[in-house]
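One structure is given here, and the rest of the page talks about it.
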Amino acid sequence: MSVFEHHEFDQHEQVLFCKDKASGLQAIIAVHNTNLGASLGGCRMWNYTDSGEALTDVLRLSKGMTYKAAMANLKQGGGKAVIIGNPHTDKTPEMMAAMGRFVNSAQGAYITAEDSGISIDDLNKMHEFSEHIAGIHSRYSFHGGHADGNPAPATAYGVFVGLKQSVKYKLGTDLKGLRVAIQGLGHVGYRLAQHLKNEGAELIVTDIYEQQLQRAESEFGAKIVSPEEIIHQDVDVFAPCAMGAVLNERTIPQLKCKVVAGAANNQLAKESHGQMVMDAGILYAPDYVINAGGIIDIYHQNQEDSSAQALKEHLEGIGGTLQEIYKRADAESLPTNQVSNLIAEERFGK
Ligand code: NAD
């Protein structure tokens, strides 16, 4: 398995491999870039078909974290860890302990956090062996929410702030009476719906779970449509909050909105789709900029001298970052996703 010639290798500073015989841990840590600070990124446990697939994932995701941290104004770089195995059947306390020791072997260049397949309990087990664990302290919350380590409230608030800024930039209005279509009413989407409703927006929603839809209908007076119909709703804003690759060759021509602003990761099926969205006259809020609330939250929970107010202000900075992207995109006639990548690279000094 080649690393340096790998198509996802992008001058990563470190790629560490671990095979711990006693616990069965097989894991990889990738530190992409630490120019702005120690690398931060979640640990994912997934039933990868082989170590090659795991390597591809960790190289790609760690690079993404460098861009995300830079655009979130964190003094942090990008890194990621993956554990090869089924989180439901293969995970043991011994394995999490071994993972803690493995994180330690990066000597602080990598700080781990929660991701798919890894819980706060797992992180606490790792913490017994390593100081370099984030997202377990949850010292305070903002907006009256309960601080339980769940990043979704912060993510939802960041998306709300970013959506509002995007509407102001594109349409010159606030959210009152605006029509917003939300795809996915999960941890983030439902909270986003609540914020939007509070500001007087009209909601059109979809999910594959009936229960969430009924709640949104009774609590927010939301109109329910099927998952197939959400894309072509006649709305001002489309907020993807379910899965990735939702903006592609098939869906972009169907969009009737003026703004796309939502929480989902990897919304563009390909980077080149950013140009297609721009050509359709739609303003796209780059996903890793608008959905950075979770990582901003984790960052603040790890700072001894931070506060709920500092976290809130930092989240509200997402609006200013998007404004900077939009202005430059207009000035240089470039798609917003490209401009975001450029600004991130300038910030971390690629
Ligand atoms: P979630 O799993 O709680 O919610 C996703 C919702 O989408 C679920 O209710 C699910 O039923 C629904 N859904 C799935 N497929 C659908 C479909 N085809 N059509 C309509 N609805 C569908 O996840 P979440 O934590 O709310 O995250 C939502 C998105 O935001 C994900 O892409 C996630 O990667 C991204 N994100 C989340 C966070 C966070 O803090 N939770 C941070 C950054 C990015």
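Just follow the structure's listing: the first ligand is 1, and inside any ligand the first atom is 1.
In the vicinity of P151, heavy-atom distances shorter than 4.0 Å reach the ligand 1 atoms 40 (O). Atoms of ligand 1 lying under 4.0 Å from at least one heavy atom of A152, given by number and element, are 40 (O). Taking every heavy atom of Y209 and a limit of under 4.0 angstrom, the matching atoms of ligand 1 come to 11 (O).
Side-chain contact between I224 and T206: absent, with no pair of heavy atoms (C-beta onward) separated by less than 4.5 Å. Taking the side chain as every heavy atom from C-beta outward, L163 and L196 approach each other to under 4.5 Å.
Distances from atom 2 (O) of ligand 1 to the protein include no heavy-atom value under 4.0 Å.
Ionic pairing of E346 and R328 is present here: one or more N-O contacts between side-chain nitrogen and carboxylate oxygen are shorter than 4.0 angstrom. Electrostatic pairing of K80 and D115 counts as a salt bridge here, judged by a charged N lying under 4.0 Å from a carboxylate O. Salt bridge K168/E199: absent, no basic N to carboxylate O contact under 4.0 Å.
Looking at D287, I290, N265 and measuring to atom 33 (C) of ligand 1, the nearest heavy atom belongs to N265.
Side-chain contact check for D287 and N266: no donor-acceptor pair (N or O, by modelled atom type) lies under 3.5 Å.
Ring-centre distance between H132 and Y110: not below the 6.0 Å cut-off. Checked against a 6.0 Å centroid threshold, the rings of F17 and F102 do not count as neighbours.
In this pair, F4 and F9 present their aromatic rings perpendicular. The plane angle is above 60°, beyond the 30 to 60° band.
The salt bridge (charged side-chain N to carboxylate O under 4.0 Å, His left out) pairs that include a residue from residues 217-238 are R215-E219, where partners are two or more places apart or lie in different chains. Legend: ring-ring contact (aromatic ring centres under 6.0 Å, His included) pairs involving residues 65-97, not counting sequence neighbours, sorted by first then second residue: Y67-F348.
For atom 4 (O) of ligand 1, the nearest protein heavy atom (residue, atom name, distance) is G186 CA, 3.2 Å. With respect to atom 35 (C) of ligand 1, the closest heavy atom belonging to the protein is A263 O, 3.3 Å. P227 CB, 3.8 Å is the protein heavy atom nearest to atom 19 (N) of ligand 1. Distance from atom 9 (O) of ligand 1 to its nearest protein heavy atom, with residue and atom name: D207 OD2, 2.7 Å. Ranking protein heavy atoms by distance to atom 43 (C) of ligand 1, first place goes to N291 O, 3.6 Å. At the shortest separation from atom 31 (C) of ligand 1 among protein heavy atoms lies A242 O, 3.3 Å. If you check which protein heavy atom lies closest to atom 25 (O) of ligand 1, you get H187 CB, 3.7 Å. Remark: minimum distance from atom 17 (C) of ligand 1 to any protein heavy atom is reached at I208 CG2, 3.9 Å.
Residue-to-ligand polar distances keep K68 apart from ligand 1: every N/O pair is separated by 3.5 Å or more. Between Q183 and ligand 1, no pair of N/O atoms sits closer than 3.5 Å. Below 3.5 Å of separation, one finds an N or O of V188 facing an N or O of ligand 1. Ligand 1 has no N or O atom lying under 3.5 Å from any N or O atom of G294, backbone or side chain. Inclusion of T155 in the set of residues having an N or O under 3.5 Å from an N or O of ligand 1 is warranted.
Residue contacts with ligand 1 include M243, since one of its heavy atoms falls under 4.0 Å from the ligand.
Residue-level proximity to ligand 1 for C241 is carried by the backbone, the only part with a heavy atom below 4.0 angstrom.
Counting non-hydrogen atoms of neighbouring residues, nucleotides and ligands closer than 6.0 angstrom, the NE2 atom of H232 exceeds 12 such neighbours.
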